[in-house]
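Let me begin by presenting the structure, written as structure tokens, before commenting on it.
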2 protein chains.
Amino acid sequence: MKKRITLKHIASEFDVSIATVSKALNDSYEISVKTKEKIQQYAKKHNYTPNSVALSLLNKKTKTIGVIIPNIMNNFFAKVFMGIEQKAADKGYTLISCISNESHEKELKTMELLKNGTLDGFILSLAEETQAKADYQHIKNTINEGVPMVMFDRVTDAIECDKVIVDDFEGARNATNHLIHTGCKRIALISVIDNLSVGKLRAKGYEQALNENNIEIDSKLIVKIAKNEDFETAMKIVLADKSIDGLLCLEESSAVQSLELVKRMGYKIPNELSIICFTNGKLPQYVSPKITTVSQHGKYIGETAAEMLINRLEGEGDTPFETKVIKTSLIERESTKPLH
Amino acid sequence: MKKRITLKHIASEFDVSIATVSKALNDSYEISVKTKEKIQQYAKKHNYTPNSVALSLLNKKTKTIGVIIPNIMNNFFAKVFMGIEQKAADKGYTLISCISNESHEKELKTMELLKNGTLDGFILSLAEETQAKADYQHIKNTINEGVPMVMFDRVTDAIECDKVIVDDFEGARNATNHLIHTGCKRIALISVIDNLSVGKLRAKGYEQALNENNIEIDSKLIVKIAKNEDFETAMKIVLADKSIDGLLCLEESSAVQSLELVKRMGYKIPNELSIICFTNGKLPQYVSPKITTVSQHGKYIGETAAEMLINRLEGEGDTPFETKVIKTSLIERESTKPLH
DNA sequence: TTGAAAGCGCTAACAT
DNA sequence: ATGTTAGCGCTTTCAA
């Protein structure tokens with residue numbers, strides 16, 4: 001086990017100065033070909049690589065991006081993460097990642113820990129708890145200290161920075177319209193994420209679609225189920241209303257669980273009851289019938305966020321903040337009737 | 001937007017030396033209470049935090065762990081990642097993460113890029129391509145350069161280092177035995193991961209169980225399906241053999257897809273056909289009937305790996321390499337018959 | 001063509 | 001109680 005060597009080692013090996021070695025390895029015109037050759041050869045032979053920490057200190061940049069993800073088990077976030085990772089690797093950036101686990105404290109602690117020179121900028125999506133508390137002081141502070149930031153998906157108007165968001169309103173409106181146009185009259189909205197900004201936006205899109213089609217909004221059909229409630233019990237109560245013929249589920253697990261439930265209750269899908277959900281993961285594709293979903297293009301969102309941040313890091317500065325809105329797509333499968 | 005301040009700024013502010021400020025902020029007994037107070041107060045007011053890059057350079061450690069994961073969309077790896085993340089955060093370590101995306105080249109490039117002082121050690125699971133090629137030179141090199149490493153799940157005997165592995169052999173043996181003990185006579189093994197070390201181990205466990213029960217191994221029941229083949233077509237051919245009454249799927253997607261297929265074919269599950277699969281994600285739990293799975297305890301594996309690495313980083317050194325084997329658990333659900 | 005020196009931000013041993 | 005110096009590994013003027 002040989003330890004890594006430094007310029008100093010090489011310098012003493014050839015009885016030259018450290019500066020000479022540095023220049024030789026950077027192929028400077030100041031150094032004679034002969035010296036360059038022998039030094040480069042020696043360096044290669046001993047696997048010399050410059051210490052990146054020293055370079056970071058010198059250049060005052062680390063080529064590192066901090067990523068804070070609320071929950072990596074969530075298919076959408078995993079996809080976003082992939083997108084960020086790929087684009088970053090592509091542009092020569094490294095990722096420091098943290099899973100906030102929806103905790104405000106973890107999010108805050110991580111920011112505090114990492115903003116001290118370890119990284120050039122942040123990409124993050126707010127923890128559920130942070131959105132619930134609406135406490136963004138830690139984020140404002142880091143921005144104030146000059147650390148660039150891109151927020152995605154779970155964002156807030158309280159903070160000014162670059163953002164990439166899903167067109168949740170439009171996505172829900174489209175999905176609801178699709179249900180209506182395929183003949184659904186009584187569409188229930190199933191939300192287990194009403195405390196999230198995106199949950200609220202999707203609910204608004206649903207209401208908008210109903211309005212546009214002159215369907216009265218029935219508050220009994222707007223079902224908000226908390227994390228601590230038993231989902232199945234709650235759904236059974238909702239489904240006591242036999243007139244319901246469409247479900248718009250705001251994320252995938254509730255859709256899959258609902259599907260299994262209504263199948264057991266004897267509903268024919270999609271004829272007697274149609275289902276659409278957000279989050280286009282494996283779950284909706286592998287169940288039977290396959291569930292029609294709203295795709296949020298997670299990977300693309302990640303790529304976009306990474307690109308925005310890197311542009312800001314490498315750009316002139318002074319460009320105004322931007323919010324990019326990514327359109328959703330409806331992926332039709334078997335849980336909705338054909339439009340024709 | 002105020003830039004971050006340094007010791008130097010504070011020193012000039014009070015006309016003292018940088019060393020005095022450093023000591024004051026570290027609450028050294030050498031500094032008078034008065035000076036300490038005013039310096040600390042000023043530092044707090046201006047959000048002084050030490051530059052961690054400078055500290056890393058000084059201490060020659062970064063408190064950072066590099067994590068290389070083959071695929072973050074895989075439920076097992078996502079869980080492992082969570083485990084690593086939690087344990088690391090707990091111990092004050094930060095994670096630099098990379099998704100190799102099963103590519104040998106990406107894995108190699110990342111190691112090259114990161115081993116230059118950016119991190120104290122690696123935790124990784126081999127990319128599929130790396131295992132297929134059996135080309136481990138990059139890993140051997142980094143270990144030789146003195147970078148500590150813990151491998152998990154997809155490991156190889158060709159490399160000596162700390163390892164955390166799943167007892168895949170035993171898990172498959174147990175699962176197969178469970179199928180046998182609940183009355184299955186003709187159990188097919190469905191593998192879409194035969195190029196992975198863990199796939200091979202599981203297949204051996206299956207064979208061992210058959211041997212123990214004096215059931216002859218029928219090579220027609222050992223089904224290896226490549227990524228580029230159409231899974232459903234391949235399975236239909238297998239299932240032409242109506243005597244098959246049990247499936248051991250080596251990961252979750254093939255199980256869920258098989259389940260939907262056999263349901264369509266009219267099989268009663270579990271009575272006419274029982275199914276068990278590896279990888280205890282959401283998929284097997286949300287389909288109907290729920291699939292009995294072998295849990296690999298991903299999160300615990302992550303925690304263990306992180307702990308092993310940190311112990312090595314902070315320990316005396318010279319402790320011999322260790323391989324920890326984590327037992328699997330069989331989670332009985334509806335796709336297998338009761339044992340009794 | 002090569003080297004000396006300064007500096008990135010910080011700590012620690014050693015003066016004063 | 002405070003300051004000086006050296007050094008972590010590197011690059012970059014500037015001088016020789």
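All chains are named by letter (A, B, ...) in the order of the sequence lines, taking the proteins before the strands, and each is independently numbered beginning at 1. Below, each value reflects all heavy atoms present in this structure, side chains not excepted, and no hydrogens, waters or symmetry copies.
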Applying side-chain hydrogen bond (donor to acceptor under 3.5 Å, both in side chains), can you list everything that pairs with B/N116, at least two apart in sequence or on another chain? A/T49
Go through the side-chain N and O atoms of [X] and [Y] and say whether any donor and acceptor fall under 3.5 Å apart.
X      : Y      : value
B/S52  : A/T118 : yes
B/D90  : B/Q86  : no
A/E107 : A/T130 : yes

Are any of the side-chain nitrogens in [X] or [Y] under 4.0 Å away from the carboxylate oxygens of its partner?
X      : Y      : value
B/R312 : B/D162 : yes
A/D27  : A/K36  : yes
B/K3   : A/E145 : no

Spacing between [X] atom [atom1] and [N] atom [atom2], to the nearest angstrom:
X      : N     : atom1 : atom2 : result
B/D27  : D/dA1 : CG    : P     : 13 Å
A/F14  : C/dT1 : CZ    : P     : 18 Å
A/N116 : C/dC8 : CG    : C1'   : 16 Å

B/V16 side chain reached by B/I10 side chain, heavy atoms, under 4.5 Å: no
Heavy atoms, side chains only, cut-off 4.5 Å: are A/I68 and A/M111 in contact? yes
Mapping B/D15 and B/L57 onto DNA chain D by nearest heavy atom, which one lands closer to the 5' end? B/D15
Give A/T35 one of three labels, base, sugar-phosphate or nothing, depending on what nucleic acid heavy atoms sit under 4.0 Å from its own. sugar-phosphate
Contact class for B/V53 vs. all strands (heavy atom < 4.0 Å): base, sugar-phosphate, or nothing? nothing
Base contacts versus sugar-phosphate-only contacts with protein, heavy atoms under 4.0 Å: please encode nucleotides 10-16 of chain C as B, S and - from 5' to 3'. BBBBB--
It should be established whether [X] places a side-chain nitrogen or oxygen under 4.0 Å from OP1 or OP2 of nucleotide [N].
X     : N     : value
B/S32 : D/dA1 : no
A/S17 : C/dA4 : no
A/K60 : C/dG9 : yes

Axis-to-axis angle for the helix from C/dT1-D/dA16 to C/dT16-D/dA1, ends of five pairs each, to 10°, equals 60°
